[in-house]
Peer 1: 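One structure, as structure tokens, below. Some questions next.
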Amino acid sequence: MESCWLEGEGQEEEEDMEEDWSAPVDGREAQDQHHSPALARSTVSFSSPDGPSVASDGASSASSSSAEGTGIMTRMELNTFKAGMEGLDKEKINKIIMEASKGSRFYENELRKEKQMAGRISAMMDRLASITPQQQQEALLQVDKMVEDLVEGRDLSRTIVHLDMDAFYAAVEMRDNPALRDKPMAVGGIGMLSTSNYLARKYGVRAAMPGFIGKKLCPDLVIVPTNFDKYRTVSSQVRDVLRQYDPYFAPMSLDEAYMDLTEYLELRKSLPEEERTFYAHTEECFMSKENAAVDNQKKEDMLGETQASVKVPELSVNSTTNIDDEDGSLEKSKVTPCHDDNVSSPCCGTEELPETCEQIAKDVKEKEKPEGHDCETMGCEKVVFGCDAEEVVREIRFRIQQRTYLTASAGIAPNMMLAKVCSDQNKPNGQFYIPSDCEAIMDFIKDLPVRKVCGIGKVMAQQLNALGITTCTHLYEQRAVLSLLFSPISSSHLLRVALGLGATRIERESERKSMSVERTFSELSKPSELYRKCWELCEALAKDLQDEGLKGRTVTIKLKTVNFEVKQRGQTVPRAVSSMNEIYDVAEELLKMEIQQCQPQPLRLRLMGSSAKRRKQEKPPTKTTTLDRFFL
DNA sequence: TACATACAC
DNA sequence: GATGGTGTATGTA
């Protein structure tokens with residue numbers, strides 16, 4: 001989904017500090033951060049004599065956090081770097097969020113993580129303070145060599161598109177239930193929301209927010225349970241369209257995909273107008289066939305700024321598989337990337353695919369209009385799309401809307417990093433184009449908040465913030481310091497971002513490296529219950545492994561205590577395993593050790609997980625004739 | 001290799 | 001009253 005409230009909460013778990021469970025003592029004080037802006041400024045002047053405009057407000061906001069009992073933890077704040085945040089009363093929303101959370105075990109854990117982060121930042125500031133001007137000068141020379149290489153290697157020849165469905169799950173539910181259309185609503189459960197519609201976002205209700213907090217922010221919020229089967233079906237309809245423009249497109253989740261339009265755009269130049277002509281079907285078209293209908297849509301309407309202007313009559317959808325809110329509703333929607341090379345591959349849904357691109361195209365175009373219907377005589381609005389990238393993307397979005405009655409947003413740029421940022425720019429139901437031109441890229445990058453860049457999350461953003469870095473311009477100005485404070489991998493990534501660089505080739509599907517199953521439950525602490533849960537998880541994992549014909553060399557268990565502390569324990573076995581018994585043997589042993597460690601206290605858990613990983617760096621056999629593949 | 005952390009969706 | 005599940009990458013020891 002495109003927005004998050006507490007991004008990636010589940011994975012950002014507390015460091016394992018067993019001895020500290022009941023004594024959360026942390027010597028480092030939050031005020032340590034207060035010296036950061038000044039330090040940041042003083043160092044900036046070394047590396048950048050031409051006087052960068054360091055945002056001091058950015059730096060100081062890093063210190064607004066973690067004063068226990070007072071301010072709002074930055075970790076828990078509403079993320080304001082997402083689309084659709086205009087005109088929100090952030091203060092009020094954050095206050096409600098904090099009040100709803102305060103005193104909970106979750107909150108206490110967040111508080112600890114916040115302190116830990118403050119400590120890390122303070123350590124970083126100490127390192128910064130110890131850097132000499134000479135060191136900075138040297139670093140700058142080094143970094144600028146890299147800059148030269150990077151700039152020289154810049155590839156502006158590709159046209160990459162990132163396509164993102166607007167409020168996907170929520171939009172699907174609204175489409176199928178008109179009663180929801182004028183209400184603030186979210187998809188998920190009282191425990192966690194997967195996404196919310198734009199009306200609910202006005203109240204601060206976001207993806208990855210627990211439903212009960214959503215209700216506090218917006219008492220009228222309607223929460224609809226997830227229905228993944230339906231989203232998968234819609235997703236495969238969208239993919240049917242995308243495939244025609246890039247057969248190697250890469251889905252990132254049910255609602256998001258990257259495409260490389262470069263080759264298609266060449267073909268497009270000689271595509272006759274007829275092939276670029278579509279009809280916006282009227283409601284009558286469909287009614288005449290007692291089929292689903294869509295309101296008469298003009299091209300302008302389609303591409304306007306308002307979301308879901310499409311009116312759809314009730315579809316006879318009654319797939320009400322009620323997925324268990326606690327467990328099933330938040331399954332990751334990620335699906336195997338679809339790089340089927342004209343081969344009919346089952347990876348993009350259950351529908352059988354035609355064999356050639358032409359057939360796919362014909363088939364899809366057929367599905368986009370009512371059965372046996374002649375648009376010319378029915379007076380459907382005729383739309384002809386042009387041949388440039390923007391027109392093609394408009395066409396793609398138009399066809400998606402005609403096919404699914406849902407809107408999508410898109411970003412068009414010379415690389416994946418930029419395309420991704422762009423797709424958020426005019427959301428919902430909009431698109432944004434960055435031409436393949438250095439100046440245009442730099443102009444776009446200039447004031448871009450670093451937090452908007454894919455890969456720069458909450459933690460990195462806060463670290464950068466402490467250095468006075470909030471935009472990509474700052475990132476470039478501070479390149480020398482960054483190369484000294486961060487690892488080579490991190491700093492070169494930041495440098496690439498600062499230069500507006502990103503991947504220009506969409507990677508083909510890579511081999512899976514691990515498979516896991518995990519569940520949250522109400523507290524379990526009796527060993528018999530814990531072993532039983534472990535057994536169930538291993539059983540589920542074994543089934544998943546066998547379904548995909550995979551085996552793993554390293555078996556790990558994941559435990560989350562009732563205080564939200566996460567531990568992971570693993571063991572590598574001599575031979576790859578996939579059966580229930582083999583996996584459980586290892587997992588049981590690992591669990592046993594943890595239970596013993598705790599004694600005489602019980603091990604009190606709220607989550608348990610089991611996973612199998614393949615060994616690092618070894619390539620699995622490419623062509624497998626046997627059924628078994630291996631995580632070697 | 002083991003474990004923790006960060007990130008995305 | 002109540003804060004998810006799956007997968008990848010990376011840093012460190």
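None of the values given here were measured: they were computed from a predicted structure. Because only heavy atoms are used, hydrogens play no part in the values below, and waters and symmetry mates are left out as well, while side chains stay in. Here is the naming used below: chain letters follow the sequence lines, and residue numbers restart at 1 for every chain.
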Peer 1: To the side chain of A:R569, which of C:dT6, B:dA4, B:dC9 is closest?
Peer 2: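 The answer is B:dA4, which lies nearest to the side chain.
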Peer 1: Assess A:R201 against A:Y198: is NZ or CZ under 6.0 Å from the centre of the six-membered ring, and within 45 degrees of the ring's axis?
Peer 2: yes
Peer 1: Just jot down the side-chain contact (heavy atoms from CB on, under 4.5 Å) partners of A:T556, sequence neighbours excluded, or say none.
Peer 2: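 Only A:T554, A:Q568, A:S611, A:K613 meet the side-chain contact (heavy atoms from CB on, under 4.5 Å) criterion with A:T556.
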Peer 1: Using a 4.0 Å heavy-atom cut-off, does A:V573 contact any base of the nucleic acid, only the sugar-phosphate backbone, or nothing at all?
Peer 2: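 No contact at all - A:V573 keeps every heavy atom at 4.0 Å or more from the nucleic acid.
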Peer 1: On DNA chain C, compare the nucleotides closest to A:S487 and A:A100; which residue's is nearer the 5' end?
Peer 2: A:A100
Peer 1: Establish, with yes or no, whether the OP1 or OP2 oxygen of C:dG4 is under 4.0 angstrom from a side-chain nitrogen or oxygen of A:K560.
Peer 2: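 Indeed, a polar side-chain atom of A:K560 lies that close.
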Peer 1: To the nearest Å, how far apart are A:I489 CD1 and C:dT8 P?
Peer 2: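 Rounded to the whole Å, the gap is 17 Å.
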Peer 1: Ignoring the backbone of A:F564, work out which of C:dT6, C:dG4, B:dC7 is nearest its side chain.
Peer 2: C:dG4
Peer 1: Rounded to whole Å, how long is the line connecting atom NZ of A:K613 with atom P of C:dG7?
Peer 2: 10 Å
Peer 1: Looking at A:S514, I'd like to know whether one of its side-chain N or O atoms comes within less than 4.0 Å of OP1 or OP2 on C:dT8.
Peer 2: yes
Peer 1: Which nucleotide sits closest to the side chain of A:Q571: B:dA2, C:dA2, C:dG11?
Peer 2: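 The answer is B:dA2, which lies nearest to the side chain.
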Peer 1: Verify the contact: side-chain N or O of A:R519 to OP1 or OP2 of C:dG4, cut-off strictly under 4.0 Å; return yes or no.
Peer 2: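 So the side-chain polar atoms of A:R519 never come under 4.0 Å of the phosphate oxygens OP1 or OP2 of C:dG4.
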Peer 1: Among B:dC9, B:dC3, C:dG7, find the nucleotide with the atom closest to the side chain of A:K420.
Peer 2: B:dC9
Peer 1: Provide, to the nearest angstrom, the distance between the CD1 atom belonging to A:I96 and the P atom belonging to C:dA2.
Peer 2: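 Whole-Å distance recorded here is 20 Å.
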Peer 1: Of the nucleotides C:dG11, C:dG7, B:dA2, which has the atom closest to the A:M515 side chain?
Peer 2: C:dG7
Peer 1: Could you check whether atom NZ of A:K90 has more than 12 heavy atoms from other residues, nucleotides or ligands sitting under 6.0 Å from it?
Peer 2: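 For A:K90, atom NZ is crowded (more than 12 foreign heavy atoms under 6.0 Å).
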Peer 1: Which part of the nucleic acid, if any, lies within contact of A:S104, taking any heavy atom under 4.0 Å across all strands shown: a base, the sugar-phosphate backbone alone, or nothing?
Peer 2: base
Peer 1: When you measure from the side chain of A:I190, which nucleotide among B:dA4, C:dA2, C:dG11 comes out closest?
Peer 2: C:dA2
Peer 1: Counting heavy atoms from C-beta on, name the nucleotide in B:dA2, B:dA6, C:dA2 closest to the side chain of A:T572.
Peer 2: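 Of the options given, the side chain of A:T572 lies nearest B:dA2.
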Peer 1: Are there over 12 heavy-atom neighbours, none belonging to A:Y203, within less than 6.0 Å of that residue's OH?
Peer 2: no
Peer 1: Distance alone, cut at 3.5 Å: any donor-acceptor contact between the side chains of A:T561 and A:N563?
Peer 2: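 Their side chains do not contain a donor-acceptor pair, so the 3.5 Å distance test is not met.
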Peer 1: C:dG5, OP1 or OP2 - any side-chain N/O from A:T520 closer than 4.0 Å?
Peer 2: yes
Peer 1: Starting from C1' on C:dG5, measure out to CZ on A:F228 and report it in whole angstrom.
Peer 2: 9 Å
Peer 1: For A:L607 and A:P488, find the nucleotide of DNA chain C closest to each by heavy atoms; which residue's nucleotide sits nearer the 5' end?
Peer 2: A:L607
Peer 1: Among B:dT1, C:dT6, C:dG11, find the nucleotide with the atom closest to the side chain of A:S516.
Peer 2: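 Shortest atom-to-atom distance from the side chain points to C:dT6.
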Peer 1: Could you tell me how far apart A:K113 (NZ) and B:dA6 (C1') are, to the nearest whole angstrom?
Peer 2: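 Checked: the NZ to C1' distance equals 11 Å.
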Peer 1: Report the distance from atom CD of A:Q597 to atom P of B:dC3, rounded to the nearest whole Å.
Peer 2: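 In whole Å, B:dC3 P and A:Q597 CD are 11 Å from each other.
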Peer 1: Run the side-chain contact (heavy atoms from CB on, under 4.5 Å) test against A:R532 and tell me which residues pass, sequence neighbours left out.
Peer 2: A:E536
Peer 1: Round to the nearest Å and state the distance from A:I456 atom CD1 to C:dA9 atom C1'.
Peer 2: 15 Å
Peer 1: Send over the distance from A:L537 CG to C:dG5 C1', rounded to a whole Å.
Peer 2: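 Interatomic distance, CG of A:L537 to C1' of C:dG5: 12 Å.
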Peer 1: With the side chain of A:K513 defined as its heavy atoms from C-beta on, choose the nearest nucleotide among C:dA9, B:dC9, C:dG4.
Peer 2: C:dA9
